[in-house]
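A, B, ... follow the sequence lines: proteins, then strands. Residue 1 opens every chain.
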There are 2 protein chains.
Amino acid sequence: MDQVAPAAPPEFSARQNDVLEVALRLLVEGGDKGLTTAGIARAANCSKESLYKWFGDRDGLLAAMITYQSSKVRAAAGPGAPPERAAFRALLVTFAEDLLTVLSGDVSLALNRLAIGEAGGAEARLGGLVLKAGRRPIEARARALLEAGRAAGHVAFADTGDAYHTLYGLIVRDLHVRLLLGDRPEPGETDRRARAATAIDQFLRLFGVPPRADETKPERAAAGQAVTNRV
Amino acid sequence: MDQVAPAAPPEFSARQNDVLEVALRLLVEGGDKGLTTAGIARAANCSKESLYKWFGDRDGLLAAMITYQSSKVRAAAGPGAPPERAAFRALLVTFAEDLLTVLSGDVSLALNRLAIGEAGGAEARLGGLVLKAGRRPIEARARALLEAGRAAGHVAFADTGDAYHTLYGLIVRDLHVRLLLGDRPEPGETDRRARAATAIDQFLRLFGVPPRADETKPERAAAGQAVTNRV
DNA sequence: GGGGAACCGTACCGTACGGTACACTGCTTG
DNA sequence: CAAGCAGTGTACCGTACGGTACGGTTCCCC
């Protein structure tokens, strides 16, 4: 919002990407304290001087790691055509599964831990960056999907953001925070596909519009009995 | 589980509680880096030597802060009598509101940030401690409540833990992680009572059993149409 | 081929923090 | 009153890390 030309985010050379990759590996292995400039330079066969030339300071390096990693997890594009009913459900399940996979990833967890650990102090720059670079794209994908489903008459809700937050809650529950705290996932949580399907079932029970005899006229579907959405 | 006599967790003297209070304040204000042993000693008018005598080392001090804080947020006792329908819903709403209040608290956020930041490295002792001392009591309270509601025939589910996780997800959504990352709550999220009521409404739409004409015989209510709970 | 830019490896500096030692003080107890 | 205990304040030590400087090497471009 405060960026004039966001079309060209700071991209890095191949060499710098290699260094960022090494830094991410070190971060995953050793956490915050395992990520020292000397350690990165040694592991990546580069000099500390280059690190500071490329990334400014340690914080710039961490920020670069976040943007680099989120650039790798580009979300798939939204649906082009208004999805048919079963396809819409399938897209939701895929989204849920992708979300669980991303949030459970080693690198994602390590970066979130890093940003959260930094967030308490005076400057919470990394936290905002994770929110912007990491979560916003995912949210945007989900919102587009939800609104396409609403336009097609499969779901009904007043506030897209509210529906998204509920969807997120049903999918992720407390798994993310528990993983961040170092907990092991419970046996039932390892089957991400099944968890995703269950969550979407629940979401559609809350926000779904029952199929109609004349599926061709989904115009005024938003008045279904599914949503109260009290204010 | 590995503790022989957990009836007497390490309690601290009044003086030590004062010190822990000061340490929590420093942690809230300055985050991880703002919490140095010298800083605590100065702010609490005690000597570093006393800190190390009382708490062993820095990690012991952090652990003491966690147990001290969670001892202050003792959850209310479970329902004694099987709750009537409206009362059951009210208890759920109260639980939801309490949960949101606790998770949004300054101290809770700071301690979670601390534990999460530490969790990446070799020893994730603080993370486990937060899970055990902070979250388990809340979960126990909710589970007791849910099972009382099931026994009274108001809700139906096969796995209590699964129902609890869904309840948690509907209440908290992604608010906790966003707050941990330093995000500000959205306007609609500040009214915790309304959010709690909405979440419980949704939960009851998923797991609720419709009231019956003969409310006096809630015995075989678990066969209601509300739950599929696919495995 | 020569000049220069980028970069590696290492050595170095200042600082800040965890942890320890020690002298001094006030309060309790026999 | 004397002894002792608990605690305070300060000084101190070792280490580890962020950041800088510098010599040597490679490689590209003119």
Side-chain angles (χ1 to χ4, degrees), chain A residues 10-66 110 113-115 117-118 120-126, chain B residues 10-27 29-66 68 110 113-115 117-118 120-126:
Chain A
E11 299 235 337
F12 305 108
S13 72
R15 176 78 179 111
Q16 290 166 15
N17 284 353
D18 291 346
V19 171
L20 291 176
E21 202 76 50
V22 170
L24 285 175
R25 184 170 54 78
L26 288 182
L27 176 66
V28 169
E29 289 170 359
D32 188 12
K33 287 165 300 303
L35 193 71
T36 70
T37 55
I40 297 169
R42 197 179 329 115
N45 288 328
C46 75
S47 69
K48 285 173 66 175
E49 192 164 10
S50 298
L51 290 182
Y52 285 97
K53 163 175 285 200
W54 293 334
F55 305 108
D57 58 0
R58 186 173 189 270
D59 231 51
L61 174 67
L62 301 181
M65 291 166 65
I66 291 173
R113 288 198 187 103
L114 187 67
E118 219 96 325
E123 263 320 298
R125 185 162 150 265
L126 294 184
Chain B
E11 298 233 338
F12 306 107
S13 72
R15 177 81 179 109
Q16 290 166 15
N17 283 353
D18 292 346
V19 171
L20 292 176
E21 203 75 50
V22 170
L24 285 174
R25 184 170 54 80
L26 289 181
L27 177 66
E29 289 170 359
D32 188 13
K33 287 164 298 304
L35 193 70
T36 69
T37 55
I40 296 170
R42 199 178 328 113
N45 289 328
C46 75
S47 69
K48 285 174 66 175
E49 192 163 8
S50 297
L51 289 182
Y52 285 98
K53 162 177 284 197
W54 293 334
F55 306 107
D57 58 0
R58 186 172 189 269
D59 232 50
L61 174 66
L62 302 181
M65 291 166 64
I66 291 174
Y68 169 70
R113 288 196 187 104
L114 187 68
E118 219 98 323
E123 262 320 299
R125 183 162 151 267
L126 294 185

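- Following rounding to the nearest Å, B:L51 (CG) and D:dT10 (P) show an atom-to-atom distance of 15 Å.
- At the phosphate of D:dT8, OP1 or OP2 sits under 4.0 Å from a side-chain N or O atom of B:S50.
- When each of B:N45 and A:G56 is assigned the nucleotide of DNA chain D bearing its nearest heavy atom, the one mapping closer to the 5' terminus is B:N45.
- Defined by atom type and a distance below 3.5 Å, a donor-acceptor pair is missing between the side-chain atoms of B:Y68 and B:Q16.
- Looking at heavy-atom distances under 4.0 Å, A:R42 makes no contact with the nucleic acid at all.
- OP1 and OP2 of C:dA6 both lie 4.0 Å or more from every side-chain N or O belonging to A:W54.
- The CG atom of B:D59 sits 8 Å away from the P atom of C:dG19 (whole-angstrom rounding).
- Side-chain atoms of B:K48 come within donor-acceptor range of the base of C:dG19, with a qualifying N/O pair under 3.5 Å.
- Side-chain atoms of B:N45 and B:V22, non-hydrogen and from C-beta on, never get closer than 4.5 Å to each other.
- Note on B:T36: only backbone sugar-phosphate atoms sit closer than 4.0 angstrom, heavy atoms only; bases stay farther off.
- Where B:Q16 and A:S47 meet DNA chain D, the nucleotide closest to each residue was compared, and B:Q16 sits on the side nearer the 5' end.
- Taking atom CG of A:D18 as the reference point, atom C1' of C:dC8 lies 15 Å away to the nearest angstrom.
- The shortest side-chain heavy-atom distance between B:I40 and B:K48 does not fall under the 4.5 Å cut-off.
- Each of D:dT8, C:dC8, C:dC7 was ranked by its minimum atom distance to the side chain of A:K53; first place goes to C:dC7.
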**OP:** Applying salt bridge (Lys or Arg N to Asp or Glu O under 4.0 Å), run through B:D18 and B:R25 and close with a yes or a no.
**Re:** CA-CA 11 Å; B:D18 292 346; B:R25 184 170 54 80; over 6 Å; no
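- Between the CD1 atom of A:I40 and the C1' atom of C:dG9 there is a distance of 16 Å, rounded to whole Å.
- For B:T37, a side-chain nitrogen or oxygen approaches OP1 or OP2 of C:dG18 to under 4.0 Å.
- When distances run from any side-chain atom of A:Y52 to the nucleotides D:dT20, D:dT8, C:dG19, the shortest one goes to D:dT20.
- Checked against C:dG19, D:dT8, D:dG18, the side chain of A:R58 finds its nearest nucleotide in D:dG18.
- Rounding to whole angstrom units, CZ of residue B:R15 and C1' of D:dC5 are separated by 16 Å.
- Rounding to the nearest 0.5 Å places CZ of A:F55 at 9.5 Å from CE of A:M65.
- Atom CG in A:D32 sits about 14 Å away from atom C1' in D:dA16, given to the nearest Å.
- Rounded to an integer number of Å, the gap from B:L35 CG to C:dA16 P is 17 Å.
- Atom P of nucleotide C:dC17 and atom CG of B:L61 are separated by 15 Å, given to the nearest angstrom.
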